[in-house]
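One-based numbering, in listed order, for ligands and for the atoms of each.
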Amino acid sequence: MLSVEEALERILSEISVLEVVQVPLSRATGLVLAQDIVAQEDNPPFANSAMDGFALRSGDSVARDGQPACLRVTGSIAAGYVADHAVEEGTAMRIMTGAPVPPGADSVIQVELTRAGGVNNDYVEILQEVAPGKNIRPAGEDIRCGEVVLKKGTEIRAWDIGVLATLGYANVPVIRRTRVAILGTGDEIIEIDQPLQPGKIRNSNSYLLEAVVRDAGAEPYRLGVAADTVESLREKLQEALSYDLILTSGGVSVGDFDLVKDILIEQGEMNFWRINMRPGKPVAFGHVGKIPLLGLPGNPVSAAVTFELFGRPVIRKMQGHKGLCKPQVDVIAADGLQYHSRRRHYVRAHATWNGTHFIAHTTGNQGSHVMTSLLNANALMIIPEDTAEIIPGSTVKVIMLEWPEKESE
Ligand code: AMP
Ligand code: MG
């Protein structure tokens with residue numbers, strides 16, 4: 001049986017990066033830039049005021065004989081407008097934050113450091129001397145035209161969106177999202193809005209997988225459930241061939257009705273179908289035609305765990321990310337655990353920081369059919385193949401499921 005690491009390596013070696021597309025900026029968060037972003041403009045585009053106040057020549061701000069300078073106010077510039085005349089010696093113009101600095105002025109004094117004068121406030125007293133450049137945000141101070149602001153390969157974060165919007169990128173070149181077909185299998189599976197019937201259970205896997213696929217940044221498409229016949233699965237897989245990746249759940253172990261691996265052999269190529277781990281031994285990987293298929297186990301907990309270990313990195317590789325896997329940290333195990341099989345175990349756990357360490361509690365019964373072990377889990381404890389017992393207080397590694405993927409070494 002393959003180790004988890006060998007399996008992931010074999011899967012990833014068959015996965016290539018998807019094409020570049022232009023997407024509207026408001027849909028670009030989380031996607032990977034396919035080109036350097038080079039500023040075509042300065043930011044700020046023009047010198048503007050950092051304060052509400054008065055634009056003036058700094059030399060005019062000097063007090064004389066103990067008297068504050070008094071300047072004639074020749075106009076007012078609001079944000080969005082341009083002055084129609086220059087500031088000349090002995091004059092000032094009222095100016096708002098963000099308004100372009102008028103010609104002739106080299107500084108702005110904030111309104112709090114002035115006093116209105118004259119009958120119609122047509123004079124202003126300058127109560128403090130200002131240095132040249134004071135309260136002016138020069139053109140290009142932030143970004144120079146021609147500068148590379150974001151590099152190809154960067155994962156676009158929410159704050160980056162503001163920078164791209166500033167520079168006029170209504171659309172950005174990115175690697176497109178993976179379109180993932182999600183297929184359930186099993187005669188026992190009914191839709192989630194149906195009342196239970198004897199022998200039947202609801203299709204939790206397809207919904208769980210839809211949610212995690214979306215969380216990984218891809219586009220999930222639920223294609224329903226194939227019955228436990230070769231014909232039904234063959235037909236459903238035909239439908240799935242227009243996607244980038246097929247995720248199935250169930251039908252991959254050694255039972256008579258475990259069809260996914262048979263159909264991989266028939267319709268394409270089966271790379272492997274077992275991994276030395278728990279939960280999730282029956283994981284199959286191969287191709288249907290040219291489309292990669294990841295066959296996850298039917299037990300919902302196993303499907304959830306194996307998606308994190310294999311499905312998420314596949315999607316991230318397709319979408320051009322450098323970091324494919326969630327980060328691992330050392331934690332202190334709060335609960336004792338015992339293992340009888342020499343398999344890699346992944347224990348659903350809740351890890352918290354206690355001020356000096358991360359402490360991980362298991363989320364209860366770890367049976368791969370126990371849905372409630374998923375509730376409140378934010379980590380997977382990694383129990384190595386050769387470990388027979390975890391003593392409370394010992395250090396173990398966990399995968400932090402809610403932390404961003406780390407860039408691969
Ligand atoms: P299988 O691998 O098909 O033998 O399935 C293993 C277990 O997972 C069985 O108990 C199935 O009933 C269950 N199972 C399979 N598919 C689903 C599904 N879509 N939703 C919930 N449970 C499932
Ligand atoms: Mg089944």
* Between Ser232 and Ala227, is there a donor-acceptor pair closer than 3.5 Å when you use the side chain of the first and the backbone of the second? -> yes
* Does the distance from a Lys or Arg side-chain N to an Asp or Glu carboxylate O, for Glu266 and Arg234, drop under 4.0 Å? -> yes
* Residue pairs involving residues 195-229 (criterion ring pair (Phe, Tyr, Trp, His ring centres under 6.0 Å); sequence neighbours excluded) -> Tyr221-Tyr243
* Asked: Restricting to pairs with a member in residues 296-333, which pass ring pair (Phe, Tyr, Trp, His ring centres under 6.0 Å), not counting sequence neighbours?
  -> none
* Asked: Given Asp52, which of Thr97, Asn135, Val108 fulfils the side chain to side chain contact (heavy atoms under 4.5 Å, CB included) condition?
  -> Thr97
* Structure fact -> Sorted by chain and residue number, the ring pair (Phe, Tyr, Trp, His ring centres under 6.0 Å) partners of Phe54 (sequence neighbours excluded) come out as none
Contact table, ligand 1 N/O with protein N/O, distance under 3.5 Å:
from     : atom 1 : to     : atom 2 : distance (Å)
ligand 1 : 2 (O)  : Gly251 : N      : 3.2
ligand 1 : 3 (O)  : Gly251 : N      : 2.8
ligand 1 : 8 (O)  : Gly298 : O      : 3.1
ligand 1 : 8 (O)  : Asn299 : N      : 3.1
ligand 1 : 12 (O) : Glu188 : OE2    : 2.5
ligand 1 : 14 (N) : Gly298 : O      : 3.2
ligand 1 : 19 (N) : Asn203 : OD1    : 2.8
ligand 1 : 20 (N) : Ser204 : N      : 3.3
ligand 1 : 20 (N) : Asn205 : N      : 3.3

